[in-house]
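In what follows, a structure is listed as structure tokens, so that the remarks can point back to it.
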Amino acid sequence: MERTLILDCNNKVGQEIRVCGWVQTRRDHGKIAFLDLMDRSGIIQVFCRGEDVKEIHPQDVICITGLVNSRPENLINSNLATGKIELHAKQIEVLVKAAELPFDMGGKDLDLQLPTLLDHRPLTLRHPKVKAIFKVQEVVIDAFRKALTEKDFIEFQAPTIVPAATEGGAEIFPVDYYQYKAYLGQSPQLYKQIMVGVFERVFTVGRAYRAEPSVTTRHLSEYISLDCEFGFIESWSEVPDLAEDVIKRIFSEVEKRCGRELELYGVGVPQIAGKLPRIKLTEAQQIIKTRTGREVIGEPDLSPEDEREITEWAKEKHGSELIIITHYPTSKRPFYTYPDPEDPEHTLSFDLIGRGVEWFTGGQRINDHQQLLESMKKKGVNPENFQLYLQAFQYGLPPEGGFAIGAERVTMHILGLSNIREASLFPRDMERVDVRLSTIKK
RNA sequence: GGGACCGUAGCGCAGUUGGUUAGCGCGUCUCCCUGUCACGGAGAAGGUCGCGGGUUCGAGUCCCGUCGGUCCCGCCA
């Protein structure tokens, strides 16, 4: 008999069907018992004879043939998409037995410490609440693609093995490359700029690698970078304008397609009222000083505490949980960042900050070959290492800009997760590559 | 790289000013249960309290070391 998806059982009342999935829980009442069965579409309650399910355990993979019945009024479960029906099992076929679970998967929440959650990733990812994170992430990435494709952007694939540091300074992973040394790319930055010379408007969904020796709740050694870049900008502010469009699109898609997932976490997408507030770094610092008395003026960047404070301000003052901070100091930004012609100490760059941390970073780039060479010189970056990149400018690149989004950060903050590792399927950090590094030999 | 905190059963936790046989919830196993949906009820198994040393009549508890982990800062997406 052909397999029916669990959610489709709602339309099969009175019919005999066959469903397959994983056992979530067994509620044994002696002569009768209930199984909750889950497949990719949802969960259904199966009514069974007690003797038939004595050996059935959570995560066993089974197929059930039976009759779809509507439940009596008083037995309807309004928390379940299939709560008005149940399946009366006639035949139970065990495809695969699961080993005894190391923890309880049946509850609404998966109450585990982070190391346990990650040590058992193939199992914990199956939990509805964990699964929901990656459904949201898929929609975040898809919305990014859609928003840009609709604006005539072209997707390209950036390499991740690179010859030298992308942005100078930051820590990178070396790779043994035949008899030479290569690195894992920190960002597709240079390639997306080159691609502006090809397609004008480009984006890429790629991986970025950072060997920063930092263990925090918002850093990964490998993360998903949503990068875009576009040419022929008339004004630098077109860049944050586009970033704003993209994040709004991400929110609207998540809201539209992830209602159930948001509900599981009891959250909504961040509130935005109209246009995002957009202020210069120095203005932000003035506000923070006025509000807290902290001496932040003149600092080259916002500390995490400052970021929390300024998002709080944006919420109170503008009803927006997101804010765009612009004009970071030239000294703090990479060599390709465009200095403000009216104030060369600051750049035409921005961060999009939400719920207390950076989500996006971007800005206008230097597109003049000579100016770029000078900027590299000032930053102590050797142009010799960037010959291929520099060709793009040598042979004419229009005024351009772009931004990058951390997909895990966006996912994390939409759902209110406390650690970015929860928003990464198989997080890599200083202490883990699938398994804890402390448990393997060097 | 700097700092703070935490390691007690498979999992999540409690354990008082140091005091006798180290507890609770979930899970597991046995038994009971025809309407539960985190089902319920009765019982059982499961721990050298991360490891090493010290103080003490006595250490899960205090001290030192060590290993493992979490969080904050710097840096960033």
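Letters go in sequence order (proteins before strands), and every chain restarts at 1.
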**Asked** Is the closest basic N to carboxylate O distance between Arg18(A) and Glu93(A) below 4.0 Å?
**Response**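 Yes, Arg18(A) and Glu93(A) are salt-bridged.
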**Message:** Strictly below 4.0 Å, N to O, side chains only: are Glu150(A) and Lys146(A) in salt-bridge contact?
**Reply:**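 No, no charged N to carboxylate O under 4.0 Å.
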In whole angstroms, how far is the [atom2] atom of [N] from the [atom1] atom of [X]?
| X | N | atom1 | atom2 | answer |
| --- | --- | --- | --- | --- |
| Asp301(A) | G74(B) | CG | P | 9 Å |
| Glu51(A) | C32(B) | CD | P | 13 Å |
| Asn74(A) | U36(B) | CG | C1' | 12 Å |
| Leu437(A) | G69(B) | CG | P | 9 Å |
| Asp351(A) | C75(B) | CG | C1' | 13 Å |
| Ile76(A) | U36(B) | CD1 | P | 14 Å |
| Tyr209(A) | A77(B) | OH | C1' | 15 Å |
| Glu212(A) | G2(B) | CD | P | 16 Å |

Test of understanding: with side chain to side chain donor-acceptor pair (under 3.5 Å), list the residues that count as partners of [X], not counting sequence neighbours.
| X | answer |
| --- | --- |
| Ser303(A) | Asp306(A) |
| Lys97(A) | Asp60(A) |
| Arg218(A) | none |

Report yes if the side chains of [X] and [Y] come closer than 4.5 Å at any heavy-atom pair, otherwise no.
| X | Y | result |
| --- | --- | --- |
| Ile366(A) | Phe335(A) | no |
| Phe47(A) | Ile32(A) | yes |
| Thr326(A) | Ile279(A) | no |

According to the Watson-Crick and G-U wobble definitions, with both distances under 3.5 Å, which nucleotide is paired to [N]?
| N | answer |
| --- | --- |
| U16(B) | none |
| A77(B) | none |
| G52(B) | C64(B) |
| U36(B) | none |
| A4(B) | U70(B) |
| C26(B) | G10(B) |

**Prompt:** Which pairs, with at least one residue in residues 112-133 of chain A and sequence neighbours excluded, count as a ring pair (Phe, Tyr, Trp, His ring centres under 6.0 Å)?
**Reply:**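 Non-adjacent pairs meeting ring pair (Phe, Tyr, Trp, His ring centres under 6.0 Å): Phe103(A)-His120(A).
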Span that lies between the [atom1] atom of [M] and that of [N], in whole angstrom:
| N | M | atom1 | value |
| --- | --- | --- | --- |
| U16(B) | C75(B) | C1' | 44 Å |
| G2(B) | A22(B) | P | 41 Å |
| U61(B) | C51(B) | P | 11 Å |
| G46(B) | C63(B) | C1' | 33 Å |
| C76(B) | C39(B) | P | 49 Å |
| G15(B) | G58(B) | P | 26 Å |
| C26(B) | G65(B) | P | 41 Å |
| G50(B) | A42(B) | C1' | 36 Å |

**Request:** Could you list all the side-chain hydrogen bond (donor to acceptor under 3.5 Å, both in side chains) pairs where at least one residue sits in residues 61-77 of chain A, not counting sequence neighbours?
**Result:**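 Passing the test, one end in residues 61-77 of chain A: Asn69(A)-His88(A).
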**Item:** Under-4.0 Å side-chain N/O to phosphate OP1/OP2 contact, Lys108(A) with C37(B)
**Value:**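 Lys108(A) to C37(B) OP1/OP2: no side-chain N or O under 4.0 Å.
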**Prompt:** Can you find a side chain N or O atom of Asn79(A) that sits less than 4.0 Å from OP1 or OP2 on C37(B)?
**Reply:**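 No.
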**Asked** Got more than 12 heavy atoms from elsewhere within 6.0 Å of CH2, Trp22(A)?
**Response**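 At most 12 heavy atoms, drawn from other residues, nucleotides or ligands, come within 6.0 Å of this atom.
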Give the table of side-chain donor-acceptor pairs shorter than 3.5 Å for residues 105-117 of chain A, with sequence neighbours excluded, one pair per line with atom names and distance.
{"residue": "Asp109(A)", "atom": "OD1", "partner": "Lys129(A)", "partner atom": "NZ", "Å": "2.5"}

Under 4.0 Å from any atom of RNA chain B, heavy atoms only: list the residues of [range] that qualify, in numerical order.
| range | value |
| --- | --- |
| residues 215-227 of chain A | Val215(A), Thr216(A), Thr217(A), Arg218(A), His219(A), Leu220(A), Tyr223(A) |
| residues 424-434 of chain A | Glu431(A) |
| residues 18-34 of chain A | Thr25(A), Arg27(A), Asp28(A), His29(A), Gly30(A), Lys31(A), Ile32(A), Phe34(A) |

**Prompt:** Pro115(A) side chain: which of A77(B), G74(B), G69(B) is closest?
**Reply:**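 The listed nucleotide nearest to Pro115(A)'s side chain is G69(B).
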**Prompt:** Closest to the Gln45(A) side chain: C76(B), C73(B), U36(B)?
**Reply:**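 The answer is U36(B).
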**Message:** Assess the residue pair Arg210(A) and Tyr223(A) against the criterion (side-chain hydrogen bond (donor to acceptor under 3.5 Å, both in side chains)); give the C-alpha distance rounded to whole Å, side-chain angles, the decisive distance to 0.1 Å, and a yes or no.
**Reply:** CA-CA 8 Å; Arg210(A) 306 268 165 113; Tyr223(A) 69 93; 3.1 Å; yes
**Request:** Give the ring-plane orientation class for Trp359(A) versus His413(A), where under 30° counts as parallel, over 60° as perpendicular and anything between as tilted.
**Result:**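 Trp359(A) vs His413(A) ring planes: parallel.
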**Prompt:** Looking across every strand, which nucleic acid part, if any, lies under 4.0 Å from Phe47(A) by heavy atom: base, sugar-phosphate, or nothing?
**Reply:**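 Base contact.
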**Request:** Could you check whether Lys332(A) gets within reach of a base, just the sugar-phosphate, or nothing at all, counting any heavy atom under 4.0 Å?
**Result:**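 Sugar-phosphate contact only.
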**Asked** Pick one: which of Gln193(A), Met195(A), Glu155(A) meets side chain to side chain contact (heavy atoms under 4.5 Å, CB included) with Val202(A)?
**Response**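 With Val202(A) as partner, side chain to side chain contact (heavy atoms under 4.5 Å, CB included) holds for just one option, Met195(A).
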Output a table of nitrogen or oxygen pairs between the protein and nucleotides 5-15 of chain B separated by less than 3.5 Å.
{"residue": "G10(B)", "atom": "O2'", "partner": "Pro102(A)", "partner atom": "O", "Å": "2.7"}
{"residue": "C11(B)", "atom": "O4'", "partner": "Pro102(A)", "partner atom": "O", "Å": "3.1"}
{"residue": "G12(B)", "atom": "OP1", "partner": "Gln113(A)", "partner atom": "N", "Å": "3.2"}
{"residue": "G12(B)", "atom": "OP1", "partner": "Thr116(A)", "partner atom": "OG1", "Å": "3.0"}
{"residue": "G12(B)", "atom": "O2'", "partner": "Asp111(A)", "partner atom": "OD2", "Å": "3.1"}
{"residue": "C13(B)", "atom": "OP2", "partner": "Gln113(A)", "partner atom": "NE2", "Å": "2.8"}

**Asked** Which pairs, with at least one residue in residues 404-426 of chain A and sequence neighbours excluded, count as a salt bridge (charged side-chain N to carboxylate O under 4.0 Å, His left out)?
**Response**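 Sorted pair list: Arg421(A)-Asp429(A).
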**Asked** Which sits closer to the 5' end of RNA chain B, Leu75(A) or His57(A), going by the nucleotide each is nearest to?
**Response**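 Comparing both residues, the 5'-ward one is His57(A).
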**Request:** Applying side-chain contact (heavy atoms from CB on, under 4.5 Å), name anything that partners Thr82(A), two or more places apart in sequence or on another chain.
**Result:**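 In terms of side-chain contact (heavy atoms from CB on, under 4.5 Å), with neighbours along the sequence ignored, Thr82(A) is linked to Ile6(A), Leu7(A), Asn10(A), Ile44(A), Leu80(A), Ile85(A).
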